[in-house]
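These notes are about the structure you will find just below.
Reckoned from all heavy atoms, side chains included, excluding hydrogens, waters and symmetry mates.
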Amino acid sequence: MTAPTTENATAWTLSFLHRPAAPGPEDQGDLILLVPGLGCAKECFNGAFRHEALRHTTLVTFDFPGQGDHAPARNPEPVWSGNMQFLCRWLSSIYMLTAPTGRRVHMVAHSMGNLPALAAWTPIPEKTQGAFISIEGNLTTADCFASSRLSIGLPETEAFINELRASADLSLRRWGADLLWNEPQYLVALARDLVSICGTDYLTSGWKQLKEAHYLYGERSGYPEHHRHLFEETNTAVHEIPGSGHFPMFDNPAATWDTVAAAVRSTHDR
């Protein structure tokens with residue numbers, strides 16, 4: 001399988017991972033955009049690039065401005081904005097740069113990434129929309145367990161990051177390490193935006209427009225009962241990922257990417 005490569009148009013404009021689909025009879029020419037969560041680097045999706053069931057699909061993921069390679073601690077000339085509207089526009093630009101004309105597009109968004117992913121989904125032509133797959137994605141304030149902590153202020157943000165870095169949960173420790181690279185003011189501002197938007201019906205209204213919706217949750221997190229009515233109303237396919245928490249792609253990558261691959265294949269039967 002071809003290894004992913006990091007593309008940097010310039011240090012301050014784009015940092016992404018791209019892996020073209022392997023040729024073969026199963027190749028449907030599909031594209032999956034992998035959208036990271038709050039403070040997470042694009043490498044959180046590395047498991048997808050190694051997963052055999054996704055080898056016939058083109059994969060693209062990226063660092064949001066302010067995160068990963070764009071974090072001030074890593075980039076001497078950072079471009080960052082703690083503004084959700086800016087991230088939504090950024091993701092729409094990524095789609096325009098990477099989506100081949102006429103190819104089916106799927107979105108996989110983790111946590112906070114659910115918000116910009118939903119915003120970027122709307123402009124995609126309906127005939128090329130595939131599966132929208134949310135991994136523990138934010139939809140309402142009940143999902144803001146972490147962003148609520150980060151939104152309080154700078155001292156609370158520092159304390160929360162220290163808690164994560166000392167956690168017995170390896171995935172949370174990894175997230176804490178990613179957050180440490182980010183500008184604290186960026187995290188606070190973006191978390192406040194997220195909490196504010198989750199307090200409206202913007203995300204649930206967007207979810208109701210999806211034709212092929214999937215929601216993945218970790219076994220340790222438990223079924224999101226606060227979304228049961230929404231998921232039943234929209235015929236959302238809900239999947240539990242065994243032995244995992246908020247980061248199923250770390251805790252159980254095999255089950256996570258098998259589930260994603262099955263969701264992508266299901267759209268070929270339309």
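Residue Thr61 forms a side-chain contact (heavy atoms from CB on, under 4.5 Å) with just one option from Val108, Ile32, Leu17, and that option is Leu17. With respect to Ser15, the side-chain hydrogen bond (donor to acceptor under 3.5 Å, both in side chains) criterion is satisfied by exactly one of Gln67, His70, Lys42: Lys42. Under the side-chain contact (heavy atoms from CB on, under 4.5 Å) test applied with Phe132, the options Lys211, Gln209, Met107, Glu212 reduce to a single match, Met107.
A donor-acceptor contact under 3.5 angstrom links the side chains of Trp207 and Thr236, judged on distance only. Between the side chains of His246 and Asp169, no donor-acceptor pair of N or O atoms lies under 3.5 Å. For the 3.5 Å distance criterion, the side chains of Ser171 and Asp251 qualify, holding a donor opposite an acceptor. Under 3.5 Å, the side chains of Asp30 and Thr57 contain no donor-acceptor pair of N or O atoms. With 3.5 Å as the limit, one finds a donor-acceptor pair spanning the side chains of Asp143 and His227.
Under the 30°/60° scheme for interplanar angles, the aromatic rings of Phe247 and Phe250 are found to lie parallel. Ring geometry, Phe45 versus Trp257: the interplanar angle exceeds 60°, so the pair is classed perpendicular (tilted spans 30 to 60°).
Heavy-atom minimum distance, Ala41 versus Gly68: CB-CA, 3.9 Å.
Between Tyr217 and Tyr215, the gap from one ring centroid to the other reaches at least 6.0 Å.
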Please set out all donor-acceptor pairs under 3.5 angstrom arising from side-chain atoms of residues 192-201, sequence neighbours excluded.
from: Arg192; atom 1: NE; to: Ser151; atom 2: O; distance (Å): 2.6
from: Arg192; atom 1: NH2; to: Ser151; atom 2: O; distance (Å): 3.3
from: Arg192; atom 1: NH2; to: Ile152; atom 2: O; distance (Å): 3.0
from: Asp193; atom 1: OD2; to: Met84; atom 2: N; distance (Å): 2.8
from: Thr200; atom 1: OG1; to: Ile197; atom 2: O; distance (Å): 2.7
from: Thr200; atom 1: OG1; to: Tyr202; atom 2: N; distance (Å): 3.2

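The 12-atom threshold is not exceeded at CD of Glu158, counting heavy atoms of other residues, nucleotides or ligands nearer than 6.0 Å.
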